[in-house]
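One structure below.
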Amino acid sequence: MTKPIKRIAVCTGGGDAPGLNAVIQSVMIAADNLGWQCYGIRDGFNGIMFPERYPEGGVYRLTRDKVRGIGHLGGTVLGTTNKGNPLHFPVNMPDGSIREIDRSDELLTYFATHEIDALVSIGGDGSLTIADALHQKGLKVVGVPKTIDNDLDKTYTTFGFDTAVGFATECLDRLHSTAESHQRVMVVEVMGRYAGWIALHAGIAGNAHAILIPEISFDIEKVAAKIREREASGHVYSIVVAEGATPKDGALDVVAAAEVGHAERLGGIGEHVAHDLGISTGKETRVVVLGHLLRGGSPTSFDRLAALRFGAGAVRALEAGHSGVMVSLGVSGVSYVALEEVAGRMRNVPLEGDTLQTGRDLGISFGD
Ligand code: F6P
């Protein structure tokens, strides 16, 4: 018979996303209602791996007082990190080289010593891969998918995406008037890594004339032709480009080398696109990089509700005896999928999907 749960821990890993606090709040309250104690781990797993950094405690008891009034706040009260994956922890060797070691057993020891029976791990691909490894080693774990990029497999949506798309759309709305006043081409670079969800959704909602996404490599001359075609009628232009978009004639230098223990960083495609369009069309161009602004702010009501459903769903999964699963949110509600089916996989914009087709039907150029 499996041991009944008395204590759980919750942590947030990877880049922050609006809605994280609502998940934490939901997990804590749902657990408390079952008579379980809930603990928060600071900064991913750093609160356990580097106790010396946290004189006030790297792991602390979450009570109703601690989560009251946080559901509408951006960021995460637990803190987060996208460095120091415990499965591939970078260590400086005496000869100056860096070796990666697996420190996950230290986490298991911590949970066993402190009688923490289960973990709710809220994070993206990296965090869910770690969650799966901990589950394989015997810890009860439930994952909650988090990313503004919407690129996680096996869930229709994640929290944070709607907030990011809403903000990017508002920015596009604002850029139309200044583009029109100056008759300029405005290039707006949005986050999304190697998936074009934010660019596609915000671009269509915000009336962009061209949208460049990683799923469709672009020919800059096709975009320039679109601009010229509209030029005669005095139309303004805004182009949304996802940070991972690539031209047909080869990748540009827009990916910073990955530091050890950190995912590679993207950025700079907007400058390339604006430069090349300026030369090709002779028009004045400007670039706006929305970057981390997309990760900030209060979650929309859609994201807040999704986050609360994810959190309560995670606790229900543990109560039902599940482990090694991720809470998934689909059109028919919450369900559970094996973490091993999610770890290391990403979900791209489907080329045959109706959202992309809607863009094409509206005459938006995808640079192909
Ligand atoms: O995964 C979310 C994301 O916002 C990506 O779209 C972006 O490339 C990345 O995070 C940037 O993260 P950071 O600057 O925090 O390393």
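Read the numbers this way: they start at 1 and go in the same order the structure lists the ligands and their atoms. In what follows, every heavy atom counts, from backbone to side chain, and hydrogens, waters and symmetry copies are set aside.
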For a salt bridge (Lys or Arg N to Asp or Glu O under 4.0 Å) check, start with the C-alpha distance between K137 and D102, then their side-chain angles and the critical distance, and finish with the verdict. CA-CA 12 Å; K137 290 186 166 202; D102 181 353; 3.7 Å; yes
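Scanning D149, N82, I148 for the heavy atom closest to atom 1 (O) of ligand 1 points to D149.
A heavy-atom separation below 4.0 Å is not found between G124 and ligand 1.
Distances below 4.0 Å separate heavy atoms of G192 from the following atoms of ligand 1: 6 (O). Every atom of ligand 1 with a heavy atom of E243 under 4.0 Å away is listed here by number and element: 5 (C), 6 (O), 7 (C), 8 (O). Within ligand 1, the atoms closer than 4.0 Å to a non-hydrogen atom of R295 are 3 (C), 4 (O), 9 (C), 10 (O), 11 (C), 12 (O), 13 (P), 15 (O), numbered from 1 in the order shown.
Atom CZ of R64 is surrounded by more than 12 heavy atoms from other residues, nucleotides or ligands within 6.0 Å.
Aromatic ring pairs are classed by plane angle as parallel below 30°, tilted from 30° to 60° and perpendicular above 60°; the pair H209 and H176 is perpendicular.
In this structure, F161 has its ring center under 6.0 Å from that of H201.
The side-chain tip of R103 points at the ring of F50 from less than 6.0 angstrom away and within 45° of straight on.
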